[in-house]
Amino acid sequence: MFAAYAAEVGLRQPLQGLRFGERPAPRPRPGWSRVEVRAASLNHHDLWSLRGVGLGADRLPMILGTDAAGIDEDGNEVVVHPVIGLTGHGLGPGEPRSILTEHHQGTFAEYVTVPTWNLVPKPAELSFEEAACMPTAWLTAYRMLFTKACVRPGDAVLVQGAGGGVATAAIALGSAAGLRVFATGRDARKRGRALELGAVAALAPGERLPHRVDAVIETVGAATWSHSVKSLRPGGTLVISGATSGDRPTNAELSHIFYRELTIAGSTVATKDELANLLSFCVSTGVRPTIDTTLPLTRAHEGFAHLQSGSHFGKIVFTV
C-alpha cells in the first residue's frame, strides 16, 4: 500500500527524512480493525516525529499520521481515536498508552489498523476531511476548554497563536459555546481570520487585553508564557498542551501565579468519550474545522513544508 513515512529522524532538515512509497499492508490482528483511510490530517506531532522527538531510529520506518477518518471492515464510516492502550474511559496516572506513530504505524497510508475499541462512528453531517481534523488538534482544544479550564458560556478566554490547528479549533469551539474569545497572532491576516471564526478581538503577541480573562489556552510556550500568566484574572486557569516556541520561558512569573492563586493545568491526550462528545457538539452547533489546504497523499511533502513554514491557518488534510 502507498504511504508517507519517516525513514530517518533527527536530521538537520527534518523533511529530508520523509519518504513516500509502498509499505506492507497491515495484517489482521485479534481485537483490532483495519480502516480504509479516506482522509488524514497533519499535526505538529508529525514534524516533531521527523525531528526524532518521541520516535527513535530503532522504530523506523514509521508511517506518520495520528488522525484519520475512513471505512472499517464492516463498511461503517468511522473516526480513529489515536491513543493506543487506553481501555477505560479515563486517563489514570501512569496508565500505559501511546499515540499512533510512536509504537504503531500511523494513518498516512491507504490502510491503518487500530484496536476496535478506538473506532468512533463518524456523523453523516461531517465530511471525511472534516472528521479527520478532529482526533488530535480539535480534540485537544475541546479538552483544554471544557475539561481542563472548565469554562462556561459568558466566560472570557485568551487563545495564544491564532493560526495553528489547536488554536484555530479553540477559537471556533469557544465561540460556538458562547465564550468571549480573545486571540493573538503574529500577522494581520491571521488576526483577521480569527475574527471571522468568532473571536471578539485579535491582538498582536504581547498586546494588553481590554480586561483579564478566566482562562488561557496556551500552545506556543516560552514566547507567550509571560503574557498568558499576566492576562489571567485572580483565580484563573492557564491550560498548556504544547510549546512550539520552546518550553523554558525566561520568566516563569511565579509571583503572579501564587499571588493571584492561578491554576496551571497540563493537557495531553483526550478520551474516546470526549471525541464522541466533540463530534456531537460539531453536529449540534454547526461548527466545522477550518481547513487551510487539502492535498492528495502523494503530495504530502507540500503539506509538511507548508506546516513547517508556519504560513497556514487551520488544518492541512491529505486525501487517500
Side-chain angles (χ1 to χ4, degrees), residues 44 137-138 140-141 144-146 148-267 287 290 292 307-315:
H44 274 99
W138 273 65
T140 297
M144 293 175 77
L145 284 167
F146 306 121
K148 290 293 188 175
C150 298
V151 288
R152 298 292 183 266
D155 284 350
V157 175
L158 169 62
V159 178
Q160 296 282 20
V166 175
T168 302
I171 295 168
L173 290 169
S175 177
L179 305 176
R180 291 176 291 127
V181 180
F182 298 87
T184 64
R186 288 179 296 177
D187 62 71
R189 180 184 68 87
K190 291 186 177 182
R191 293 195 294 271
R193 294 292 300 276
L195 294 174
E196 293 173 7
L197 288 178
V200 297
L203 307 97
E207 188 174 346
R208 187 171 182 173
L209 303 181
H211 58 80
R212 292 195 175 104
V213 296
D214 300 285
V216 175
I217 302 303
E218 174 66 82
T219 60
V220 179
T224 55
W225 182 261
S226 179
H227 182 250
S228 292
V229 172
K230 292 177 180 178
S231 296
L232 281 168
R233 64 161 175 79
T237 301
L238 189 160
V239 185
I240 180 167
S241 68
T244 56
S245 68
D247 62 358
R248 301 188 181 190
T250 55
N251 189 344
E253 301 292 354
L254 295 181
S255 60
H256 281 84
I257 292 171
F258 69 73
Y259 184 74
R260 293 180 181 166
E261 297 190 331
L262 305 180
T263 296
I264 308 298
S267 185
V287 66
T290 297
D292 178 278
L307 180 66
Q308 188 179 48
S309 74
S311 61
H312 65 293
F313 189 94
K315 295 295 292 177

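- A ring pair (Phe, Tyr, Trp, His ring centres under 6.0 Å) check over residues 187-210, counting only residues at least two apart or in different chains, returns nothing.
- With sequence neighbours left out, the side chain to side chain donor-acceptor pair (under 3.5 Å) criterion links D155 to no other residue.
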Worked check of side chain to side chain contact (heavy atoms under 4.5 Å, CB included) between L262 and V229: CA-CA 8 Å; L262 305 180; V229 172; 3.8 Å; yes
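- Counting heavy atoms from C-beta on, the side chains of T219 and I240 never come closer than 4.5 Å.
- Each salt bridge (charged side-chain N to carboxylate O under 4.0 Å, His left out) pair with one or both residues in residues 194-203, not counting sequence neighbours, appears once here: R193-E196.
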Side chain to side chain contact (heavy atoms under 4.5 Å, CB included) between D187 and F313, intermediate numbers included: CA-CA 11 Å; D187 62 71; F313 189 94; over 6 Å; no
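- Shortest non-hydrogen contact noted between A162 and I171 is CB-CD1, 4.1 Å.
- For S175, there are no side chain to side chain contact (heavy atoms under 4.5 Å, CB included) partners two or more places apart in sequence or in a different chain.
- The shortest distance between side-chain heavy atoms of V287 and W138 falls below 4.5 Å.
- Minimum heavy-atom separation, K315 to A137: NZ-CB, 3.7 Å.
- By the 6.0 Å contact criterion, CZ on R186 is open, its count of non-hydrogen atoms from other residues, nucleotides or ligands being 12 or less.
- For A243, the side chain to side chain contact (heavy atoms under 4.5 Å, CB included) partners at least two apart in sequence or on another chain are D247.
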Report all side-chain donor-acceptor pairs from residues 198-205 shorter than 3.5 Å, counting only partners two or more places apart or in another chain.
none

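- Under the 3.5 Å distance criterion, with hydrogens and angles disregarded, a donor-acceptor pair is assigned to the side chains of Q160 and S228.
- Checked against side chain to side chain donor-acceptor pair (under 3.5 Å), T224 has the following partners two or more places apart in sequence or in another chain: E218.
- Taken from CG in L209 to OG in S231, the straight-line distance is 4.0 Å, to the nearest 0.5 Å.
- Between V159 and A170, the closest heavy-atom pair is CG2-CB, 4.0 Å.
- Checking side-chain atoms of T140 against main-chain N and O of V166 turns up no donor-acceptor pair under 3.5 Å.
- The list of ring pair (Phe, Tyr, Trp, His ring centres under 6.0 Å) pairs with a residue in residues 182-235, not counting sequence neighbours, reads F182-H211.
- Counting only residues at least two apart or in different chains, ring pair (Phe, Tyr, Trp, His ring centres under 6.0 Å) contacts with residues 237-261 are absent.
- Side-chain contact between L145 and L173: present, with at least one pair of heavy atoms (C-beta onward) separated by less than 4.5 Å.
- Looking at every heavy atom in both residues, V151 comes nearest to A215 through CG1-CB, 3.8 Å.
- With S241 contributing its side chain and S267 its backbone, the two residues share no donor-acceptor pair below 3.5 Å.
- Without hydrogens or angle criteria, R208 side chain to G206 main chain gives no donor-acceptor distance under 3.5 Å.
- Residues passing the side chain to side chain donor-acceptor pair (under 3.5 Å) test with S309, sequence neighbours excluded: S311.
- L307 has its side chain within reach of H312: a pair of non-hydrogen atoms, C-beta onward, lies under 4.5 Å apart.
- Applying the ring pair (Phe, Tyr, Trp, His ring centres under 6.0 Å) rule to pairs touching residues 154-177 yields nothing, sequence neighbours excluded.
- With sequence neighbours left out, N251 forms a side chain to side chain donor-acceptor pair (under 3.5 Å) with E253.
- Nearest approach of T168 to G314, heavy atoms of both residues: OG1-N, 3.8 Å.
- Inter-residue side-chain proximity for V157 and V216 is flagged as unmet; no heavy-atom pair is nearer than 4.5 Å.
- For the pair T237/L232, no side-chain contact is recorded, criterion being any heavy-atom separation below 4.5 Å from C-beta on.
- Salt bridge status for R233 with D214: present, with a side-chain N to carboxylate O gap under 4.0 Å.
- Scanning both residues, K230 and R260, for their nearest heavy atoms gives O-NH1, 3.5 Å.
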